[in-house]
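Nothing fancy with the numbering, it's 1 onward along the sequence. These values consider heavy atoms only, across backbone and side chains, with no hydrogens, waters or symmetry-generated copies. Remember, predicted model here, so these are calculated numbers, not experimental data.
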Amino acid sequence: MPFRTRTAVSGAVLATAAVLLGPAAAVARPAAAPAPAGWSAAPAPGDGAEPSAQDRPYFYLEGAPGTVLSDRLSLRNPTGHAVTVRLRGSAPGWWLSLASTEVKVPPHTRASVPFTVTVPRDAAPGDRSGALIATGGGKGSGGGGRDAVPVHLRVTGQGLSALTVEQVSVHGRDGAAVIRYTLVNRGNTALTPRLAVRADGLFGPVLRRAPRTLPTVLRPGQGVDLTEKWPDPPGLDAVEIRLTVTAGGGVQGSATATYTVAPWWAVAGGALLLAAGAGGLMAVRRRRRTRAAGPGPGTSGVRGAGPAPRAAEKPRPPGGDRADAAGQLAGSGSGVRS
């Protein structure tokens with residue numbers, strides 16, 4: 001079991017005078033034997049373990065928001081000279097505090113360095129990862145080298161998993177296309193996303209890619225820009241692309257984008273057809289406006305009306321044409337007698 005406690009740690013470095021290689025052993029070593037290994041850093045053995053045991057490859061700490069977790073780093077120096085080691089945490093924003101940031105380890109000795117991790121009260125549940133970095137060759141002595149010990153922290157509490165797919169776009173060039181998108185972890189737990197891609201054109205499916213695990217792990221609140229290559233998109237089509245991303249715990253997010261591609265002759269032909277259609281529409285509109293304006297001057301304005309009526313004639317006397325003829329004879333003095 002990992003060594004863990006939830007009390008604050010105070011005090012300086014615990015220098016352990018555990019002699020690893022005595023002088024007699026050094027003298028008895030054959031001349032041809034290799035030199036002792038250099039210094040190293042590792043989690044300190046748990047309670048009851050032998051001082052030489054290194055039973056933990058990394059630190060694992062777990063606690064609720066507001067707690068203080070503690071552990072110890074072991075620095076081992078099997079060489080015949082003192083080594084000065086500088087210590088720091090790897091991740092900015094970590095809640096880690098070392099009892100000392102520089103330690104001088106005597107020859108053939110092990111030094112134990114306490115540190116604490118204070119979990120803020122408003123920390124979201126989930127997993128965090130970092131490391132303790134040990135660098136040799138500090139003030140006062142030689143002994144270069146560098147060692148990193150992983151630190152895994154789990155903040156307990158109710159976890160929330162959420163994932164979104166954003167800013168999907170498709171860019172084509174030289175007969176190929178690239179799908180660009182952004183994944184954002186909206187929850188408080190680390191996620192390993194899986195991506196599925198499908199694209200449908202006007203006449204049916206043009207792309208199907210089964211879900212596969214992406215080579216990235218999204219930390220809580222992290223966003224990452226990714227690309228998906230599409231080497232053989234259609235040359236003439238209007239396509240809708242859908243990206244679907246899933247992760248553990250039933251998390252799923254999806255987004256779509258459109259991609260329209262056409263060769264130059266199709267674009268030119270479409271432009272000509274559009275222009276011809278626009279010209280015909282304008283002619284129909286002009287014809288309708290002409291009919292709505294009505295007939296010109298001198299016409300009745302009523303469809304189907306006959307010619308305008310003549311002026312009214314004077315009333316004709318009784319007898320009709322014969323009376324007219326008699327009057328004309330009398331007026332001429334013709335000599336006809338009655």
Ignoring hydrogens and geometry, is there a side-chain-to-backbone donor-acceptor pair from [X] to [Y] under 3.5 Å?
X: Arg56; Y: Ala42; value: no
X: Arg72; Y: Ser112; value: no
X: Asn185; Y: Leu218; value: yes

Can you get from [X] to [Y] by hopping between Ile, Leu, Val, Met, Phe, Trp and Tyr side chains that sit under 4.5 Å apart?
X: Trp95; Y: Val149; answer: yes
X: Val224; Y: Leu214; answer: yes
X: Leu160; Y: Val155; answer: no
X: Val119; Y: Leu98; answer: yes
X: Ile133; Y: Phe115; answer: no

Distance-only donor-acceptor check, side chains Thr109 and Asn77, under 3.5 Å:
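There is no such pair between these side chains.
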Please test Asp127 against His152 for side chain to side chain contact (heavy atoms under 4.5 Å, CB included), starting from the C-alpha separation and ending with a verdict.
CA-CA 7 Å; Asp127 298 325; His152 298 294; over 6 Å; no
When you look at CZ of Arg208, are more than 12 heavy atoms from neighbouring residues, nucleotides or ligands closer to it than 6.0 Å?
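Buried by this count: over 12 neighbours within 6.0 Å.
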Crowded around Arg154 CZ? As in, over 12 foreign heavy atoms under 6.0 Å?
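No - once you tally the heavy atoms of other residues, nucleotides and ligands closer than 6.0 Å, there are 12 at most.
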For [X] and [Y], which heavy atoms make the closest approach, and how far apart are they?
X: Ile241; Y: Tyr259; result: CD1-CB, 3.5 Å
X: Ala199; Y: Val239; result: CB-CG1, 3.5 Å
X: Ala247; Y: Pro193; result: CB-CA, 4.5 Å
X: Trp230; Y: Ile179; result: CE3-CD1, 4.4 Å
X: Pro231; Y: Arg209; result: CD-NH2, 3.7 Å
X: Ser74; Y: Ala44; result: CB-CA, 3.8 Å

Give, for atom [atom1] of [X] and atom [atom2] of [Y], the distance between the pair rounded to the nearest 0.5 Å.
X: Lys229; Y: Asp232; atom1: NZ; atom2: CG; answer: 13.5 Å
X: Leu69; Y: Phe59; atom1: CG; atom2: CZ; answer: 12.5 Å
X: Arg212; Y: Arg194; atom1: CZ; atom2: CZ; answer: 10.0 Å
X: Arg76; Y: His108; atom1: CZ; atom2: NE2; answer: 11.5 Å
X: Thr244; Y: Gln252; atom1: OG1; atom2: CD; answer: 6.0 Å
X: Trp39; Y: Leu75; atom1: CH2; atom2: CG; answer: 7.0 Å

Is any side-chain heavy atom of [X] closer than 4.5 Å to a side-chain heavy atom of [Y]?
X: Ser97; Y: Thr118; value: no
X: Ser254; Y: Val165; value: no
X: Thr258; Y: Thr256; value: no
X: Leu132; Y: Leu87; value: no
X: Val197; Y: Leu195; value: yes
X: Thr84; Y: Glu102; value: yes

Verdict with reasoning, Leu226 to Leu183, per side chain to side chain contact (heavy atoms under 4.5 Å, CB included):
CA-CA 8 Å; Leu226 299 172; Leu183 295 183; 3.8 Å; yes
